[in-house]
Every structure is written in C-alpha cells, then in structure tokens.
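For reference, the structure is listed below as structure tokens.
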Amino acid sequence: MVSPLGLGTVKLGRNQQVKYPQAFDLPSDRAVRELLALARELGINLLDTAPAYGSSQQRLGRMLGAQRKDWVIVSKVGEIFEHGESRFDFSYEHTVATVEQTLKTLKTDYVDCVLIHSDGNDLAILDNQGAASALVDLKQRGLIRAHGMSSKTVEGGLRVVRDMDVVMATCNVDYNDELPVLQAAAEQHKGVLIKKGLMSGHVQGEEGVRHSFAHVFAQPGVSSMIVGTINPDHLRSNVRLLQQVLEGAA
Ligand SMILES: NC(=O)c1ccc[n+]([C@@H]2O[C@H](COP(=O)([O-])OP(=O)(O)OC[C@H]3O[C@@H](n4cnc5c(N)ncnc54)[C@H](OP(=O)(O)O)[C@@H]3O)[C@@H](O)[C@H]2O)c1
C-alpha cells in the first residue's frame with residue numbers, strides 16, 4: 001500500500017543536468033533528516049530514488065536505518081550518471097549488479113520496486129535487452145518485490161502494463177499523451193506511479209498545484225504521484241492540497 005503522494009529524491013543528491021526552473025544547492029544532512037521525518041509525519045510512505053540521482057541513495061542508506069521497513073522504496077536501473085553525464089546500460093549483467101549495489105548502498109536486503117529507467121526506446125529495451133528478465137530473476141531471488149519501467153512512450157507503457165507490475169508514466173495538465181497507459185493499468189490492476197505531475201516545478205502557486213493534483217487524480221488507476229521537493233513548506237502544502245482534492249472527489 002502506498003500513500004497517494006510519494007517523495008521524489010532527485011534533489012537530495014543531484015543538482016547537475018536536471019531540468020528544474022531554478023538552480024539549487026543540495027540540502028544538508030540535517031535538512032534531509034528533517035524532510036524525511038516530516039514526510040513520515042504527514043503520512044507519506046513512498047520514496048523514489050535511483051543510482052543516477054547522485055548521492056540520493058547514499059544519503060537514504062545512511063539515514064533510514066531502523067525506519068527502512070516503514071518505507072516503500074522504488075529504485076531504478078539503466079541510467080548511470082557519472083562526471084556530470086548520463087549514459088545507459090540495459091544489459092542483464094549491469095541490471096543485476098546495479099540492484100546488488102543498491103541493496104548495499106541503501107543498507108537493506110530488499111527493494112520494494114525496481115523500474116527500468118528508459119532512455120526513450122521503451123520497446124527496444126524490453127525486446128532486445130536483458131534488463132526485464134534480470135528483474136524477473138531478482139524477484140525470484142527475493143531481492144526485489146515488484147518490477148516495472150519508467151517509460152516514455154504509449155506503446156512501451158502498454159507493454160509494461162501487460163508484462164510487468166508497475167509503470168511510471170508522465171501526466172500533467174499540459175501532457176496527457178500517456179493516458180491510454182493509465183487506463184490499461186486500471187483495467188489490469190497494475191501499479192501506476194506518476195512523474196512530473198507538477199511539470200518538474202513549472203507549476204506555480206497553490207491554485208496551480210491544486211489544479212495539477214485534481215487533474216492527475218481524476219485519471220484512472222493512479223497509485224501514487226511522485227513529487228520531488230526539498231522545501232518542507234511545499235511538502236506540507238502539497239499534502240494539504242492533495243487531501244482537499246481527494247476529499248472533494250470522495
Ligand atoms: N524515471 C524518470 O525518468 C523520472 C524523471 C523525472 C522524475 N522522476 C521522479 O519523479 C519525481 C518527480 O519528478 P520531477 O522532480 O521531475 O517533477 P515534479 O515533481 O513535477 O516537480 C518537482 C519540482 O516541483 C517543485 N515543487 C514541489 N512542490 C511545489 C509546490 N508546492 N510549489 C511550487 N513548487 C513545488 C520542486 O521544487 P522545491 O524543491 O522548491 O519544492 C521541484 O523543483 C522525481 O523526484 C523523481 O523521483 C523520474
């Protein structure tokens with residue numbers, strides 16, 4: 001069971017080659033600890049991370065400790081971010097090695113969900129590379145509990161819904177191309193995580209945020225919307241606004 005709002009953790013660990021409207025400094029350890037505690041206090045139980053999010057996993061691994069079991073952790077495979085540049089490797093071997101490293105970095109013996117971080121060629125990755133079958137094997141070994149893809153195309157998203165557990169798709173007030181993926185996931189009872197629901201920070205003001213939440217949660221099948229923030233006031237107001245939207249819809 002995941003909370004309707006998940007915490008995206010790119011900004012905990014990476015401030016290069018990101019598409020946010022404003023440059024930012026990485027938060028201090030104290031600020032990250034306080035943000036995680038606040039998120040839990042507000043009922044958030046979902047953390048979205050990736051090895052490609054700079055020091056995000058390292059920081060979570062150091063800070064979660066005994067509270068690891070209180071969180072549903074989503075991580076990724078496929079993107080490697082080194083020396084300020086991204087590259088991709090969707091091979092079987094790299095996928096297994098990445099998940100094994102993630103377990104060490106997060107100091108845990110399981111990851112709740114691992115997604116293939118698509119570079120845009122969703123179907124080619126699923127058809128011609130070893131990542132998807134590696135994730136199935138890792139599930140059988142008990143190292144991960146669910147698998148899926150952060151996809152970028154409708155065809156890819158539909159395939160993920162057919163063959164995997166969870167799809168991470170983009171949906172926001174300006175971009176609705178992937179709605180058929182959400183519809184299919186709802187029909188097949190698969191997990192749906194929404195990324196970029198606030199247009200990566202281009203939505204402004206409480207009314208803009210409320211409207212974005214209402215738009216996303218009006219769609220079928222949404223399990224959780226992953227919103228990245230390092231601002232505790234934004235976190236508080238996001239939870240409050242989403243609660244109002246969900247109560248209004250009930
Ligand atoms: N797999 C992928 O391909 C992929 C790609 C992108 C993202 N993701 C995941 O999805 C998460 C969300 O995506 P995203 O970070 O691109 O987009 P997003 O959640 O739409 O936007 C995050 C931005 O919105 C700002 N924000 C949050 N709440 C706000 C509020 N109440 N008022 C004004 N601004 C607010 C944040 O700034 P402040 O810090 O100032 O609040 C941050 O810069 C990421 O953290 C990541 O975990 C995955």
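Atoms within a ligand are numbered from 1 in the order they appear, just like the ligands themselves. The shown structure was predicted, so the numbers you read here are calculated from the model rather than taken from an experiment. Sequence positions, counted from 1, serve as the residue numbers for this chain.
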Out of all atoms in ligand 1, which are within 4.0 Å of some heavy atom of K11? Include the element for each.
36 (C), 37 (O), 38 (P), 39 (O), 40 (O), 42 (C), 43 (O)
Does any N/O atom on G228 come nearer than 3.5 Å to any N/O atom on ligand 1?
yes
Which is it for D48 and ligand 1 at heavy atoms under 4.0 Å: side chain, backbone, both or neither?
both
What part of E206, side chain, backbone, both or neither, has a heavy atom within less than 4.0 angstrom of ligand 1?
neither
Donor + acceptor pair across side chains of K76, S150 (<3.5 Å):
no
Among protein heavy atoms, which sits nearest to atom 13 (O) of ligand 1, and what does the distance come to when rounded to 0.1 Å?
K196 N, 3.6 Å
Considering the heavy atoms of V10, write down every atom of ligand 1 situated less than 4.0 Å from one of them.
44 (C), 45 (O), 46 (C)
Shortest heavy-atom approach to atom 17 (O) of ligand 1 - which of G78, S200, S212:
S200
At what distance is the nearest protein heavy atom to atom 4 (C) of ligand 1, and which residue and atom is it?
K195 CD, 3.7 Å
Atom 45 (O) of ligand 1: nearest protein contact (heavy atom, Å)
G8 CA, 3.2 Å
Does any N/O atom on P21 come nearer than 3.5 Å to any N/O atom on ligand 1?
no
A student checking ligand 1 against V209 at a 4.0 Å heavy-atom cut-off should list atoms 30 (C), 31 (N), 32 (N)
Tell me which part of T9 gets within contact of ligand 1: side chain, backbone, both or neither, using heavy atoms under 4.0 Å.
backbone
Is S150 touching ligand 1 with its side chain, its backbone, both, or neither, if touching means heavy atoms under 4.0 Å apart?
side chain
Please tell me whether N15 and Y20 have a donor and an acceptor in their side chains that are separated by less than 3.5 angstrom.
no
Do D165 and R145 meet the salt-bridge criterion of a basic N to acidic O distance under 4.0 Å?
no
Heavy-atom proximity to atom 34 (N) of ligand 1, best of R14, M149, H234, R210
H234
Would R68 and Y110 count as a cation-pi pair here, with the cationic atom under 6.0 angstrom from the ring centre and within 45° of the axis?
yes
Side chain N172, main chain K196, donor-acceptor under 3.5 Å
yes
Under 4.0 Å from ligand 1, counting heavy atoms only, is it the side chain of F24, its backbone, both or neither?
neither
Answer side chain, backbone, both or neither: which part of K19 comes under 4.0 Å from ligand 1, heavy atoms only.
neither
Report yes if some N/O of K76 lies less than 3.5 Å from some N/O of ligand 1; otherwise report no.
no
Given that the side chain starts at C-beta and the backbone is N, CA, C, O, which of these parts of H117 lies under 4.0 Å from ligand 1, counting heavy atoms, or is it both or neither?
side chain
Do you see a donor-acceptor pair shorter than 3.5 Å between the side chains of S86 and Q17?
no
What I want to know is whether V203 and ligand 1 share at least one N or O pair that is separated by under 3.5 angstrom.
no
Checking the side chain of N176 only, and the main-chain atoms of L179 only, is there a donor and an acceptor separated by less than 3.5 Å?
no
May I ask you to check whether K152 has an N/O atom sitting below 3.5 Å from an N/O atom of ligand 1?
no
Sequence neighbours excluded, which residues qualify as side-chain contact (heavy atoms from CB on, under 4.5 Å) partners of P220?
Q183, A186
Hey, does G201 come in under 3.5 Å of ligand 1, counting only N/O atoms on both sides?
yes
Under the criterion salt bridge (Lys or Arg N to Asp or Glu O under 4.0 Å), I'd like the reasoning laid out for R240 against E247: C-alpha separation, chi angles, the key distance, then a yes or no.
CA-CA 11 Å; R240 175 174 49 80; E247 279 165 9; over 6 Å; no
Let me see the working for V181 and V192 under side-chain contact (heavy atoms from CB on, under 4.5 Å), right down to the final yes or no.
CA-CA 9 Å; V181 176; V192 174; over 6 Å; no
Scan for ring-ring contact (aromatic ring centres under 6.0 Å, His included) pairs involving residues 174-220, sequence neighbours excluded, and state none if there are none.
none
From atom 10 (O) of ligand 1, work out which of I226, T49, L47 has a heavy atom at the shortest distance.
I226
Top protein contact for atom 15 (O) of ligand 1, by heavy-atom distance:
Y20 OH, 2.6 Å
So, E206 versus S237: side-chain donor-acceptor pair below 3.5 Å or not?
no
Is there a donor-acceptor contact under 3.5 Å from the side chain of T9 to the main chain of D48?
yes
